[in-house]
Number of protein chains: 2
Amino acid sequence: MYTIRDVAKLSGVSRSTVSRVLNNHPYVSDEKRKRVEEVMKQLHFTPNQISNHFRLKRTGSIGIIIPYLSHPYFAELAGVLSEESHNYGYKPVLFQTFGDRHQEIDVFEKWKRKELDALIITSSSLNQVELDEMSMNGILVICNEAYKSSKVDVFCLNEKHAAYKSVVYLIKKGRRKIAFCSDYLASPSQQERLLGYKLAHQEHKLTWDEHLIFDKIASIHDGYMLGKKLHQTNDIDAIFAGSDFVAAGYLKAAHECGLSVPNELSIIGFDNHSISDVTSPAITTMTNQVQEMAKDLVHALELRLSGQSKPFERKHYESKLLIKGSA
Amino acid sequence: MYTIRDVAKLSGVSRSTVSRVLNNHPYVSDEKRKRVEEVMKQLHFTPNQISNHFRLKRTGSIGIIIPYLSHPYFAELAGVLSEESHNYGYKPVLFQTFGDRHQEIDVFEKWKRKELDALIITSSSLNQVELDEMSMNGILVICNEAYKSSKVDVFCLNEKHAAYKSVVYLIKKGRRKIAFCSDYLASPSQQERLLGYKLAHQEHKLTWDEHLIFDKIASIHDGYMLGKKLHQTNDIDAIFAGSDFVAAGYLKAAHECGLSVPNELSIIGFDNHSISDVTSPAITTMTNQVQEMAKDLVHALELRLSGQSKPFERKHYESKLLIKGSA
DNA sequence: GTGAAAGCGCTAACAT
DNA sequence: ATGTTAGCGCTTTCAC
């Protein structure tokens, strides 16, 4: 592999001049620039970026922590975050941590060691205090999770309000036994959703049944199994599913149990994934705002990376209810 | 940020000794090792990995080119490839290229400049010759696409056989007007599928209708629109959809057109995605083998990266037909 | 066992 | 406009 040293020697200039040519520095005579470029071509010279990373103390890599890429919502989120990072000239490095604390700490380690210029977290097994501590080690941004930190930038959906709106809608339709599904109830965002669910009940002077709050329901299959189980014995009349996929599985089970949706049972999904359009009936759902979130987030990141300090922000996005058929 | 220089000074040893401690080199006295480790802890010292990358001429990053993360098959593939790379201690760097040649060339550039130790391609707008040329620049592996190169490792499904098996199944069920859907017909893998489709017809002394071969049908929505269009005028009796998502969209349209599936119309999907279990009827589908592919691929990559030279391999995986209901 | 010293490929401050 | 030089943080000979 050739270095600028070789190029310099062959074109009869100094290494600085070669470097200047590489970086489009204005102070190079056209004559030398041309000569250097010719030699570069002739040698098939490609500058070694690693040395640049070393020299400039940055790699241009941005880590993205995602729990599961098999989860359509997170796949979508990973997609838009990668795309935006790439648009800004960064290299998106994706880490699937499967919600595993150790895997996550591995990634933090890389970030601490400067392998990653910044880290975006979309889900974490670390708690508030731990994350606040972490934030001292470099640039950290949180996406999608409703952490209440004032030491990092946070971009997330107004989960509470989203759940609140869905449940109010169900209540207004006369539903009284409303199940609540969560993929991972321990997370701040899911806690917010639950608060919204409860708030809607309180405001309508209704009580909710703790037995209708379900955790670890994440996939089509989970939704299906839950539906099968519930409709053996229970008489719930509505379900706020954590995602359109869960909703789709649940709907399938409801059909098999002979329930008519939305007449006997209402189902509300989440994310407005295209699956919600092809079930029968189509699934009434809440929009996420991943596109906007990702855009704002990477823009904010760019500012931080370029050294502009500003107070940490915490931006909420509003979810919209799309009535399609299942509720 | 502290460097080994600081650690050395504070613990009264040389930089070499600090380095030895960092790398668990055996030739360090217990006494000094302990002293150095204490100072490290005290200083919250973390070694700068970039300098290591520079020194050792490798970054541990593996680039993965994916066309769309919103496409569930590619999301799945990206997921397993990331996971496997991570298992081997590499950093998976994901690039969504949206099938765009320029974006792809950007990634190749990074790889040439040694920002990426290796590159995995799951889809490419470059042709055979261009890729063969590229392969001279470093370590390149192809996954999922049926390139016929002998200059790179290739891991892919036996697409031709998969399509062949599906279509034979349909023919045996008495179907005669079988539509063929592809997301991107120009790609080698889709060309293989088409060959399988044609072969099945030939072997049964049947002709196929070029008008029933559809390109750029990739999403639920595309499948739905195609179904709506076709059943205004056409009388096709089966469809080999490129994916379960397309199949699901198509099925929805078929329902709306009052067609009974699988009585009047048979549908076969691809990938055995969980969506195929929640439609009514469930979608008969072909399995992909992404898990196995990714495992073998990263293992082979590991060998190449560790400098073990062996002939380039080309591994095919067999798809299985899962009969679920729509055909 | 330990330290001194060279050097990875590049950029940028400084001198000219 | 161009060259000289120092140095980024680390590992790895080599000498002792």
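A note on names: the letters A, B, ... follow the listed sequences, proteins ahead of strands, and every chain is numbered from 1.
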Original post:
Taking atom P of C:dT11 as reference, at what distance in whole Å does atom NE2 of A:His53 sit?
Top reply: 11 Å
**OP:** Specify the angle, to 10°, made by the local axes at the two ends of the helix from C:dG1-D:dC16 to C:dT16-D:dA1 when five pairs are taken at each end.
**Re:** 40°
**OP:** Would you kindly give the CG-to-C1' distance between A:Asp6 and C:dC8, to the nearest whole Å?
**Re:** 14 Å
Subject >> Closest non-hydrogen atom pair, B:Leu157 against B:Met293 >> reply: N-SD, 3.9 Å
**OP:** List for me each residue that meets side chain to side chain donor-acceptor pair (under 3.5 Å) alongside A:Lys114, sequence neighbours excluded, and say none if there are none.
**Re:** none
Subject >> Side-chain ion pair, A:Glu192 and A:Lys148, N-O less than 4.0 Å >> reply: yes
Original post:
Stepwise, does the salt bridge (Lys or Arg N to Asp or Glu O under 4.0 Å) test hold for B:Glu37 with B:Lys41?
Top reply: CA-CA 6 Å; B:Glu37 281 170 346; B:Lys41 186 165 287 177; over 6 Å; no
**OP:** Assign a letter to each nucleotide of nucleotides 9-16 of chain D from its 5' end: B, base within under 4.0 Å of a protein heavy atom; S, sugar-phosphate only; -, no contact.
**Re:** BBBBB---
**OP:** Determine: side-chain N/O of B:Lys114 to OP1/OP2 of C:dG9, distance under 4.0 Å, yes or no.
**Re:** no
Subject >> Presence of A:Thr17 side-chain N/O under 4.0 Å of D:dG3 phosphate oxygens OP1/OP2 >> reply: yes
Subject >> Minimum heavy-atom distance A:Thr59-A:Asp117, with the two atoms named >> reply: N-OD1, 3.0 Å
Original post:
Do B:Tyr73 and B:Asp183 get their side chains close enough for a donor-acceptor pair, meaning under 3.5 Å?
Top reply: no
**OP:** Determine the interplanar angle of the B:Tyr68 and B:Phe98 rings, folded into 0 to 90°, and report it as parallel if under 30°, tilted if 30 to 60°, perpendicular if over 60°.
**Re:** perpendicular
**OP:** Give, for atom CG of A:Leu131 and atom OG of A:Ser124, the distance between the pair rounded to the nearest 0.5 Å.
**Re:** 4.5 Å
**OP:** Starting at atom CZ of A:Arg33, determine the distance to atom P of D:dA1, rounded to an integer number of angstrom.
**Re:** 10 Å
**OP:** Calculate the interatomic distance between A:Ile50 atom CD1 and C:dT11 atom C1'; express it in whole Å.
**Re:** 16 Å
